[in-house]
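Quick one: the structure is below, and I'll ask about it shortly.
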Amino acid sequence: MSHEPFDAQAAVHAIGALDPAERAAFTAHLRRCARCQATVREGHEALAALLAGLPPAPPPPEVAERLLRRVEVVAERRRLNRAWLVGTAIALAAMVVGGLVIGGWVAARYEARLTRAARELTEVRERLRRAEGALAERTTVAPALVALLRDPATEVLVLRAPGLDPQPRGRVVWNERAGGYLVVVGLAPPPPGRAYAAWTIRTGVARPAGPVTLDPQGDAVVRIEPTGAPVDAFAVTLEPEGEGPAPTGPVVLSSR
Amino acid sequence: MSPAGAELIRAMAAGDREAFRRFYDRYAPMVFALLLRILRRREAAAAVLEDVFWESWREARAYDPAAASPEAWLVARARDRAVARLRASDDPAAPGAAAEPGAAPEPLPVLGGLLEWVPPAPRHALRLAYFGGQTETELAELLGVAREVVRARLVQALESLRRARAEAAR
(Lines give C-alpha, C1' and ligand atoms only; values in the text may rest on other atoms or scores of the structure.)
Protein backbone atom coordinates (compact mmCIF):
# COMPACT_ATOMS: atom_id res chain seq x y z
CA MET A 1 0.00 0.00 0.00
CA SER A 2 1.30 3.46 -0.95
CA HIS A 3 2.14 5.83 1.89
CA GLU A 4 0.61 8.77 0.03
CA PRO A 5 -2.79 8.66 1.79
CA PHE A 6 -0.96 8.78 5.12
CA ASP A 7 1.03 11.85 3.98
CA ALA A 8 -2.25 13.68 3.31
CA GLN A 9 -3.72 12.48 6.61
CA ALA A 10 -0.60 13.69 8.43
CA ALA A 11 -0.99 17.19 6.94
CA VAL A 12 -4.71 17.39 7.81
CA HIS A 13 -3.95 16.01 11.29
CA ALA A 14 -1.34 18.75 11.84
CA ILE A 15 -4.02 21.34 11.00
CA GLY A 16 -6.40 19.50 13.37
CA ALA A 17 -9.14 18.93 10.78
CA LEU A 18 -9.43 15.12 10.65
CA ASP A 19 -12.89 13.76 11.44
CA PRO A 20 -12.92 12.09 14.90
CA ALA A 21 -13.05 8.44 13.67
CA GLU A 22 -10.28 8.99 11.13
CA ARG A 23 -8.23 10.85 13.72
CA ALA A 24 -8.36 7.88 16.12
CA ALA A 25 -7.20 5.46 13.41
CA PHE A 26 -4.46 7.81 12.19
CA THR A 27 -3.16 8.43 15.72
CA ALA A 28 -2.54 4.68 16.02
CA HIS A 29 -0.58 4.74 12.73
CA LEU A 30 1.30 7.88 13.77
CA ARG A 31 2.74 6.20 16.83
CA ARG A 32 4.57 3.71 14.61
CA CYS A 33 5.39 5.87 11.56
CA ALA A 34 8.47 8.10 11.71
CA ARG A 35 7.67 9.63 8.31
CA CYS A 36 4.21 10.78 9.43
CA GLN A 37 5.67 12.02 12.73
CA ALA A 38 8.08 14.18 10.71
CA THR A 39 5.24 15.50 8.51
CA VAL A 40 3.11 16.41 11.54
CA ARG A 41 6.11 17.99 13.25
CA GLU A 42 6.92 20.12 10.19
CA GLY A 43 3.23 21.06 9.85
CA HIS A 44 3.12 22.24 13.48
CA GLU A 45 6.29 24.27 12.99
CA ALA A 46 4.87 25.88 9.82
CA LEU A 47 1.63 26.80 11.61
CA ALA A 48 3.58 28.20 14.58
CA ALA A 49 5.61 30.28 12.11
CA LEU A 50 2.35 31.52 10.59
CA LEU A 51 1.22 32.71 14.02
CA ALA A 52 4.52 34.46 14.61
CA GLY A 53 3.30 36.77 11.85
CA LEU A 54 0.13 37.64 13.78
CA PRO A 55 0.21 40.94 15.67
CA PRO A 56 0.91 39.95 19.30
CA ALA A 57 -1.97 40.47 21.77
CA PRO A 58 -0.94 41.39 25.34
CA PRO A 59 -2.97 39.17 27.68
CA PRO A 60 -4.78 40.56 30.76
CA PRO A 61 -2.21 41.03 33.57
CA GLU A 62 -4.26 38.99 36.04
CA VAL A 63 -3.49 35.80 34.06
CA ALA A 64 0.22 36.15 34.85
CA GLU A 65 -0.57 37.00 38.48
CA ARG A 66 -2.80 33.95 38.88
CA LEU A 67 -0.24 31.66 37.23
CA LEU A 68 2.66 32.88 39.37
CA ARG A 69 0.52 32.48 42.50
CA ARG A 70 -0.33 28.90 41.52
CA VAL A 71 3.34 28.15 40.88
CA GLU A 72 4.21 29.54 44.34
CA VAL A 73 1.55 27.41 46.02
CA VAL A 74 2.83 24.27 44.30
CA ALA A 75 6.45 25.11 45.20
CA GLU A 76 5.39 25.64 48.83
CA ARG A 77 3.49 22.35 48.81
CA ARG A 78 6.59 20.62 47.36
CA ARG A 79 8.74 22.12 50.13
CA LEU A 80 6.27 20.88 52.75
CA ASN A 81 6.12 17.47 51.08
CA ARG A 82 9.90 17.29 51.09
CA ALA A 83 9.97 18.22 54.79
CA TRP A 84 7.26 15.65 55.43
CA LEU A 85 9.22 13.05 53.47
CA VAL A 86 12.38 13.78 55.44
CA GLY A 87 10.37 13.56 58.68
CA THR A 88 8.74 10.35 57.57
CA ALA A 89 12.09 8.89 56.52
CA ILE A 90 13.54 9.73 59.97
CA ALA A 91 10.48 8.22 61.68
CA LEU A 92 10.74 5.10 59.52
CA ALA A 93 14.45 4.77 60.24
CA ALA A 94 13.69 5.12 63.97
CA MET A 95 11.01 2.45 63.64
CA VAL A 96 13.41 0.11 61.87
CA VAL A 97 16.12 0.63 64.51
CA GLY A 98 13.52 0.25 67.28
CA GLY A 99 12.25 -2.89 65.63
CA LEU A 100 15.75 -4.33 65.46
CA VAL A 101 16.40 -3.51 69.14
CA ILE A 102 13.08 -4.98 70.28
CA GLY A 103 13.53 -7.95 67.96
CA GLY A 104 17.00 -8.55 69.39
CA TRP A 105 15.72 -8.26 72.95
CA VAL A 106 12.82 -10.64 72.26
CA ALA A 107 15.18 -13.07 70.51
CA ALA A 108 17.58 -12.94 73.49
CA ARG A 109 14.73 -13.60 75.91
CA TYR A 110 13.49 -16.50 73.86
CA GLU A 111 17.00 -17.85 73.53
CA ALA A 112 17.36 -17.79 77.34
CA ARG A 113 13.97 -19.48 77.66
CA LEU A 114 14.91 -22.08 75.07
CA THR A 115 18.20 -22.77 76.86
CA ARG A 116 16.31 -23.20 80.14
CA ALA A 117 13.75 -25.47 78.44
CA ALA A 118 16.56 -27.57 76.94
CA ARG A 119 18.19 -27.88 80.37
CA GLU A 120 14.88 -28.88 81.95
CA LEU A 121 14.33 -31.43 79.20
CA THR A 122 17.76 -32.94 79.89
CA GLU A 123 16.90 -33.14 83.60
CA VAL A 124 13.54 -34.76 82.89
CA ARG A 125 15.24 -37.30 80.61
CA GLU A 126 17.79 -38.08 83.30
CA ARG A 127 15.03 -38.58 85.90
CA LEU A 128 13.15 -40.77 83.47
CA ARG A 129 16.27 -42.81 82.78
CA ARG A 130 16.78 -43.31 86.53
CA ALA A 131 13.11 -44.22 87.03
CA GLU A 132 13.36 -46.70 84.17
CA GLY A 133 16.47 -48.18 85.79
CA ALA A 134 14.65 -48.50 89.12
CA LEU A 135 11.64 -50.08 87.43
CA ALA A 136 13.82 -52.58 85.59
CA GLU A 137 15.52 -53.45 88.86
CA ARG A 138 12.15 -53.99 90.55
CA THR A 139 10.91 -56.14 87.72
CA THR A 140 13.93 -58.39 88.21
CA VAL A 141 13.62 -58.26 92.02
CA ALA A 142 9.89 -59.10 92.13
CA PRO A 143 10.06 -62.61 90.55
CA ALA A 144 13.17 -63.38 92.66
CA LEU A 145 11.24 -62.37 95.81
CA VAL A 146 8.27 -64.51 94.80
CA ALA A 147 10.58 -67.45 94.18
CA LEU A 148 12.20 -66.91 97.58
CA LEU A 149 8.82 -66.73 99.33
CA ARG A 150 7.81 -70.06 97.81
CA ASP A 151 10.72 -71.69 99.64
CA PRO A 152 9.56 -72.91 103.14
CA ALA A 153 13.04 -72.15 104.50
CA THR A 154 12.57 -68.46 103.72
CA GLU A 155 11.70 -66.13 106.59
CA VAL A 156 10.43 -62.59 106.64
CA LEU A 157 11.79 -60.28 109.32
CA VAL A 158 10.38 -56.86 110.20
CA LEU A 159 12.71 -53.85 110.42
CA ARG A 160 11.81 -51.16 112.93
CA ALA A 161 13.36 -47.91 114.05
CA PRO A 162 14.91 -48.14 117.53
CA GLY A 163 12.85 -46.62 120.37
CA LEU A 164 9.12 -46.43 120.78
CA ASP A 165 8.09 -46.12 117.08
CA PRO A 166 6.17 -49.39 116.48
CA GLN A 167 5.67 -48.76 112.77
CA PRO A 168 7.51 -51.29 110.54
CA ARG A 169 9.90 -49.40 108.25
CA GLY A 170 11.15 -52.36 106.29
CA ARG A 171 11.44 -56.12 105.93
CA VAL A 172 14.09 -58.62 105.15
CA VAL A 173 13.14 -61.66 103.08
CA TRP A 174 15.89 -64.04 103.98
CA ASN A 175 16.90 -67.57 102.98
CA GLU A 176 20.09 -68.82 104.52
CA ARG A 177 20.99 -70.81 101.44
CA ALA A 178 19.93 -68.34 98.71
CA GLY A 179 20.41 -65.03 100.46
CA GLY A 180 17.65 -62.46 100.28
CA TYR A 181 16.45 -58.88 99.99
CA LEU A 182 16.30 -56.01 102.42
CA VAL A 183 13.35 -53.75 101.63
CA VAL A 184 12.94 -50.30 103.25
CA VAL A 185 10.03 -47.90 102.87
CA GLY A 186 9.78 -44.15 103.41
CA LEU A 187 13.22 -43.42 104.85
CA ALA A 188 14.25 -39.76 105.09
CA PRO A 189 17.04 -38.86 102.69
CA PRO A 190 20.45 -39.10 104.38
CA PRO A 191 22.09 -35.81 105.43
CA PRO A 192 24.84 -34.51 103.12
CA GLY A 193 28.04 -36.55 103.36
CA ARG A 194 26.26 -39.53 104.95
CA ALA A 195 24.78 -42.71 103.45
CA TYR A 196 22.68 -45.62 104.67
CA ALA A 197 24.39 -49.01 104.92
CA ALA A 198 22.99 -52.53 105.52
CA TRP A 199 24.62 -55.03 107.86
CA THR A 200 24.22 -58.71 108.77
CA ILE A 201 24.90 -59.47 112.45
CA ARG A 202 26.04 -62.83 113.65
CA THR A 203 27.35 -63.63 117.11
CA GLY A 204 27.52 -59.90 117.90
CA VAL A 205 29.64 -59.08 114.83
CA ALA A 206 28.29 -56.84 112.05
CA ARG A 207 29.33 -57.54 108.49
CA PRO A 208 28.69 -55.15 105.60
CA ALA A 209 25.72 -56.16 103.39
CA GLY A 210 25.88 -53.25 100.93
CA PRO A 211 24.79 -49.63 100.61
CA VAL A 212 21.11 -48.71 100.86
CA THR A 213 20.42 -46.30 98.04
CA LEU A 214 17.02 -44.63 98.30
CA ASP A 215 14.82 -43.77 95.35
CA PRO A 216 13.10 -40.35 95.34
CA GLN A 217 10.25 -41.78 97.46
CA GLY A 218 12.69 -42.94 100.17
CA ASP A 219 12.31 -46.63 99.24
CA ALA A 220 15.12 -49.11 98.57
CA VAL A 221 15.65 -52.80 97.86
CA VAL A 222 19.07 -54.26 98.69
CA ARG A 223 20.17 -57.69 97.61
CA ILE A 224 21.92 -59.54 100.42
CA GLU A 225 24.18 -62.33 99.38
CA PRO A 226 24.11 -65.60 101.42
CA THR A 227 26.56 -65.51 104.31
CA GLY A 228 27.06 -69.31 104.50
CA ALA A 229 26.06 -69.25 108.19
CA PRO A 230 22.98 -68.32 110.22
CA VAL A 231 22.34 -64.60 110.70
CA ASP A 232 21.09 -63.30 114.03
CA ALA A 233 19.84 -59.94 112.87
CA PHE A 234 19.82 -57.31 110.09
CA ALA A 235 20.44 -53.59 110.59
CA VAL A 236 20.62 -50.31 108.64
CA THR A 237 22.90 -47.59 109.97
CA LEU A 238 23.75 -44.06 108.91
CA GLU A 239 27.43 -43.96 108.00
CA PRO A 240 29.86 -41.45 106.63
CA GLU A 241 30.01 -41.83 102.84
CA GLY A 242 32.50 -44.53 101.76
CA GLU A 243 31.23 -47.20 104.12
CA GLY A 244 33.84 -48.88 106.37
CA PRO A 245 34.12 -52.56 107.39
CA ALA A 246 32.22 -52.00 110.64
CA PRO A 247 29.29 -49.75 111.55
CA THR A 248 30.21 -46.47 113.26
CA GLY A 249 27.00 -44.45 112.96
CA PRO A 250 23.60 -44.71 114.62
CA VAL A 251 21.28 -47.64 113.91
CA VAL A 252 18.34 -46.48 111.85
CA LEU A 253 16.50 -49.81 111.40
CA SER A 254 16.96 -53.15 113.05
CA SER A 255 15.26 -56.56 112.88
CA ARG A 256 15.58 -57.09 116.62
CA MET B 1 14.26 27.15 16.32
CA SER B 2 14.49 28.97 19.61
CA PRO B 3 17.25 27.65 21.83
CA ALA B 4 16.61 30.35 24.41
CA GLY B 5 12.98 29.21 24.70
CA ALA B 6 14.11 25.58 25.07
CA GLU B 7 16.56 26.69 27.79
CA LEU B 8 13.72 28.35 29.67
CA ILE B 9 11.61 25.17 29.51
CA ARG B 10 14.57 23.16 30.83
CA ALA B 11 14.92 25.58 33.74
CA MET B 12 11.16 25.35 34.36
CA ALA B 13 11.48 21.57 34.54
CA ALA B 14 13.98 22.12 37.37
CA GLY B 15 11.43 24.30 39.19
CA ASP B 16 12.84 27.71 38.18
CA ARG B 17 9.91 30.12 38.71
CA GLU B 18 11.78 33.09 37.25
CA ALA B 19 12.32 31.09 34.03
CA PHE B 20 8.57 30.45 33.92
CA ARG B 21 7.86 34.18 34.27
CA ARG B 22 10.21 34.95 31.40
CA PHE B 23 8.76 32.12 29.30
CA TYR B 24 5.27 33.52 29.85
CA ASP B 25 6.31 37.09 29.04
CA ARG B 26 7.95 35.88 25.87
CA TYR B 27 5.24 33.61 24.43
CA ALA B 28 1.92 34.65 26.04
CA PRO B 29 1.22 37.54 23.57
CA MET B 30 1.60 35.20 20.57
CA VAL B 31 -0.53 32.46 22.14
CA PHE B 32 -3.14 34.97 23.30
CA ALA B 33 -3.42 36.33 19.73
CA LEU B 34 -4.13 32.80 18.46
CA LEU B 35 -6.67 32.16 21.23
CA LEU B 36 -8.46 35.44 20.50
CA ARG B 37 -8.64 34.55 16.81
CA ILE B 38 -10.23 31.17 17.61
CA LEU B 39 -12.44 32.08 20.58
CA ARG B 40 -13.16 35.76 19.77
CA ARG B 41 -13.71 36.54 23.49
CA ARG B 42 -11.05 37.88 25.84
CA GLU B 43 -12.37 36.11 28.96
CA ALA B 44 -12.51 32.72 27.24
CA ALA B 45 -9.10 33.31 25.62
CA ALA B 46 -7.61 34.36 29.00
CA ALA B 47 -8.97 31.21 30.69
CA VAL B 48 -7.48 28.94 27.99
CA LEU B 49 -4.22 30.93 28.09
CA GLU B 50 -3.92 30.25 31.83
CA ASP B 51 -4.62 26.53 31.31
CA VAL B 52 -2.07 26.25 28.51
CA PHE B 53 0.74 27.95 30.45
CA TRP B 54 -0.10 26.07 33.64
CA GLU B 55 0.22 22.81 31.68
CA SER B 56 3.52 24.00 30.18
CA TRP B 57 4.86 24.53 33.73
CA ARG B 58 3.65 21.16 34.91
CA GLU B 59 4.78 19.24 31.83
CA ALA B 60 8.07 21.04 31.21
CA ARG B 61 9.92 17.85 32.11
CA ALA B 62 8.28 16.01 29.18
CA TYR B 63 9.36 18.64 26.63
CA ASP B 64 11.61 17.26 23.89
CA PRO B 65 13.42 20.03 21.96
CA ALA B 66 14.07 17.59 19.09
CA ALA B 67 10.32 17.00 18.66
CA ALA B 68 9.08 20.61 18.67
CA SER B 69 10.19 24.21 19.01
CA PRO B 70 8.79 25.95 22.12
CA GLU B 71 6.44 27.92 19.81
CA ALA B 72 5.09 24.77 18.11
CA TRP B 73 4.82 23.01 21.51
CA LEU B 74 2.69 25.85 22.92
CA VAL B 75 0.71 26.63 19.75
CA ALA B 76 -0.40 23.03 19.07
CA ARG B 77 -1.59 22.73 22.67
CA ALA B 78 -3.31 26.13 22.66
CA ARG B 79 -5.10 25.51 19.35
CA ASP B 80 -6.43 22.11 20.53
CA ARG B 81 -7.68 23.52 23.88
CA ALA B 82 -9.35 26.50 22.18
CA VAL B 83 -11.10 24.40 19.53
CA ALA B 84 -12.26 21.93 22.21
CA ARG B 85 -13.74 24.86 24.14
CA LEU B 86 -15.29 26.27 21.01
CA ARG B 87 -16.90 22.94 20.10
CA ALA B 88 -18.14 22.45 23.68
CA SER B 89 -20.18 25.66 23.39
CA ASP B 90 -23.79 25.43 22.19
CA ASP B 91 -23.23 26.71 18.68
CA PRO B 92 -19.80 25.84 17.37
CA ALA B 93 -20.63 27.31 13.97
CA ALA B 94 -21.05 30.70 15.56
CA PRO B 95 -18.26 30.80 18.14
CA GLY B 96 -18.78 33.28 20.94
CA ALA B 97 -22.47 33.80 20.16
CA ALA B 98 -23.69 31.52 22.95
CA ALA B 99 -21.14 32.40 25.60
CA GLU B 100 -20.61 35.59 27.52
CA PRO B 101 -23.54 37.65 26.26
CA GLY B 102 -22.89 41.37 26.35
CA ALA B 103 -19.21 41.11 25.49
CA ALA B 104 -18.46 42.20 21.95
CA PRO B 105 -16.36 39.81 19.82
CA GLU B 106 -12.79 40.89 19.35
CA PRO B 107 -12.11 42.41 15.94
CA LEU B 108 -9.89 39.97 14.03
CA PRO B 109 -6.47 41.24 13.10
CA VAL B 110 -5.69 40.80 9.44
CA LEU B 111 -3.56 37.74 8.79
CA GLY B 112 -0.56 38.47 6.68
CA GLY B 113 2.97 37.21 6.50
CA LEU B 114 3.29 33.55 5.50
CA LEU B 115 -0.40 33.26 4.67
CA GLU B 116 0.14 35.51 1.65
CA TRP B 117 2.07 32.60 0.12
CA VAL B 118 -0.98 30.32 0.19
CA PRO B 119 -3.36 30.38 -2.82
CA PRO B 120 -6.86 31.76 -2.04
CA ALA B 121 -8.94 28.53 -1.96
CA PRO B 122 -6.47 26.56 0.21
CA ARG B 123 -5.97 29.66 2.37
CA HIS B 124 -9.71 29.91 2.98
CA ALA B 125 -9.98 26.21 3.88
CA LEU B 126 -6.98 26.51 6.21
CA ARG B 127 -8.46 29.52 8.04
CA LEU B 128 -11.82 27.78 8.51
CA ALA B 129 -10.18 24.54 9.69
CA TYR B 130 -7.37 25.90 11.84
CA PHE B 131 -8.99 28.97 13.40
CA GLY B 132 -12.65 27.92 13.02
CA GLY B 133 -12.17 24.38 14.31
CA GLN B 134 -14.04 22.83 11.37
CA THR B 135 -13.33 19.22 10.35
CA GLU B 136 -12.98 18.09 6.75
CA THR B 137 -16.58 16.79 6.57
CA GLU B 138 -17.96 20.02 8.04
CA LEU B 139 -15.87 22.07 5.61
CA ALA B 140 -17.07 19.99 2.64
CA GLU B 141 -20.64 20.71 3.65
CA LEU B 142 -19.96 24.39 4.34
CA LEU B 143 -18.11 24.95 1.07
CA GLY B 144 -20.32 22.65 -0.99
CA VAL B 145 -17.42 20.62 -2.32
CA ALA B 146 -16.31 16.96 -1.99
CA ARG B 147 -14.34 15.96 1.10
CA GLU B 148 -11.42 14.96 -1.15
CA VAL B 149 -11.33 18.51 -2.51
CA VAL B 150 -11.16 19.91 1.03
CA ARG B 151 -8.34 17.49 1.85
CA ALA B 152 -6.40 18.48 -1.28
CA ARG B 153 -6.78 22.18 -0.39
CA LEU B 154 -5.64 21.65 3.21
CA VAL B 155 -2.61 19.61 2.07
CA GLN B 156 -1.74 22.31 -0.45
CA ALA B 157 -2.13 25.06 2.18
CA LEU B 158 0.23 23.36 4.59
CA GLU B 159 2.73 22.60 1.85
CA SER B 160 2.70 26.27 0.76
CA LEU B 161 3.24 27.39 4.36
CA ARG B 162 6.09 24.90 4.79
CA ARG B 163 7.78 26.14 1.59
CA ALA B 164 7.24 29.77 2.58
CA ARG B 165 8.80 29.12 5.96
CA ALA B 166 11.79 27.45 4.32
CA GLU B 167 12.13 30.43 1.96
CA ALA B 168 11.87 32.89 4.84
CA ALA B 169 14.55 31.02 6.76
CA ARG B 170 17.01 31.37 3.87
Side-chain angles (χ1 to χ4, degrees), chain A residues 4-24 26-27 30 34 37-79 81-82, chain B residues 1 15 17 20-21 24-25 28-37 42 45-46 49-50 53-54 57-58 67-69 71-76 79-80 83 106 109-115 125-126 129-130 133-139 150-152 154-155 157-159 161-162 164-165 168:
Chain A
E4 210 170 308
F6 290 124
D7 291 336
Q9 272 183 325
V12 179
H13 180 74
I15 295 167
L18 283 181
D19 290 312
E22 195 177 357
R23 185 173 62 229
F26 178 73
T27 307
L30 184 62
Q37 286 166 15
T39 307
V40 171
R41 194 160 53 233
E42 280 173 28
H44 280 157
E45 295 295 347
L47 288 162
L50 164 69
L51 293 171
L54 267 184
E62 58 268 22
V63 176
E65 287 162 18
R66 272 202 302 272
L67 276 170
L68 293 173
R69 221 170 20 244
R70 285 171 81 176
V71 167
E72 282 298 330
V73 167
V74 169
E76 180 59 25
R77 202 176 301 150
R78 265 188 211 154
R79 266 197 299 277
N81 277 351
R82 211 171 299 129
Chain B
M1 184 174 176
R17 281 163 276 167
F20 178 58
R21 199 188 55 73
Y24 178 85
D25 287 347
M30 180 190 80
V31 176
F32 194 56
L34 166 69
L35 295 173
L36 276 179
R37 179 159 285 275
R42 282 185 71 80
L49 183 74
E50 184 176 335
F53 274 88
W54 179 245
W57 166 255
R58 300 197 55 135
S69 65
E71 290 87 346
W73 187 58
L74 275 172
V75 159
R79 191 267 173 191
D80 284 352
V83 168
E106 288 287 311
V110 178
L111 281 172
L114 293 185
L115 211 54
L126 178 66
Y130 192 69
Q134 309 275 345
T135 66
E136 281 182 312
T137 304
E138 289 165 346
L139 278 178
V150 174
R151 174 159 296 190
L154 289 176
V155 171
L158 200 66
E159 179 55 26
L161 271 188
R162 204 183 58 74
R165 177 169 165 258

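The figures that follow rest on heavy atoms only: side chains count, while hydrogens, waters and symmetry mates do not. Chain A is the first sequence line, chain B the second, and so forth, proteins listed ahead of strands; every chain is numbered from 1.
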Using the side chain to side chain contact (heavy atoms under 4.5 Å, CB included) rule, take B/Phe53 and A/Val63 through it: C-alpha gap first, then chi angles, then the decisive distance, then the call.
-> CA-CA 10 Å; B/Phe53 274 88; A/Val63 176; over 6 Å; no
Chain B interface, residue from A/Leu18, A/Leu68, A/Leu47 that has the most non-hydrogen pairs under 4.5 Å =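 The residue among A/Leu18, A/Leu68, A/Leu47 with the greatest pair count is A/Leu47.
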Between A/Arg69 and A/Glu72, is there a salt bridge with N-O shorter than 4.0 Å?
->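 The answer is no: the pair does not qualify as a salt bridge.
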When heavy-atom pairs shorter than 4.5 Å are enumerated against chain B, which of A/Glu62, A/Glu42, A/Gln37 gives the highest number?
->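 So the answer, after comparing A/Glu62, A/Glu42, A/Gln37, is A/Glu42.
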Taking side chain as C-beta onward, heavy atoms only, is A/Arg70 less than 4.5 Å from B/Trp57?
->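 They are not in contact (no side-chain heavy atoms under 4.5 Å apart), so the answer is no.
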What part of A/Pro60 is in contact with chain B, defined as an atom under 4.5 angstrom from a non-hydrogen atom: side chain, backbone, both or neither?
->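 A/Pro60 touches chain B through backbone and side-chain heavy atoms alike.
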Chain A interface, residue from B/Leu34, B/Asp80, B/Val31 that has the most non-hydrogen pairs under 4.5 Å |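 Ranked by heavy-atom pairs under 4.5 Å with chain A, first place is B/Leu34.
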With only heavy atoms counted, which part of B/Trp54 is less than 4.5 Å from chain A, the side chain, the backbone, both or neither?
->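 Both parts, backbone and side chain.
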Between B/Leu139, B/Val75, B/Leu35, B/Asp25, which has the largest tally of heavy atom pairs under 4.5 Å with chain A?
->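 Most heavy-atom pairs under 4.5 Å with chain A: B/Val75.
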Find out whether B/Glu138 and B/Thr135 are in side-chain contact, i.e. whether some heavy atom of one side chain is under 4.5 Å from a heavy atom of the other.
->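 SC-SC contact between B/Glu138 and B/Thr135 confirmed.
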Can you pull the side-chain hydrogen bond (donor to acceptor under 3.5 Å, both in side chains) pairs that have at least one residue in residues 49-59 of chain A, sequence neighbours excluded?
->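 Not a single pair qualifies under side-chain hydrogen bond (donor to acceptor under 3.5 Å, both in side chains).
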Side chain from CB out, backbone as N, CA, C, O: work out which of these in B/Tyr24 comes under 4.5 Å of a heavy atom of chain A, or both, or neither.
->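 The side chain, not the backbone.
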Do you know which of B/Glu159, B/Arg162, B/Arg58 has the most heavy-atom pairs under 4.5 Å to chain A?
->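 Most heavy-atom pairs within the cutoff with chain A belong to B/Arg162.
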Pick from A/Asp19, A/Asp7, A/Thr39: which one has the most heavy-atom pairs with chain B under 4.5 Å?
->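 So the answer, after comparing A/Asp19, A/Asp7, A/Thr39, is A/Asp19.
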For A/Glu22, which residues count as a side-chain hydrogen bond (donor to acceptor under 3.5 Å, both in side chains) partner, sequence neighbours excluded?
->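 Per chain and number, A/Glu22 pairs via side-chain hydrogen bond (donor to acceptor under 3.5 Å, both in side chains) with A/Gln9, B/Arg147, B/Arg151.
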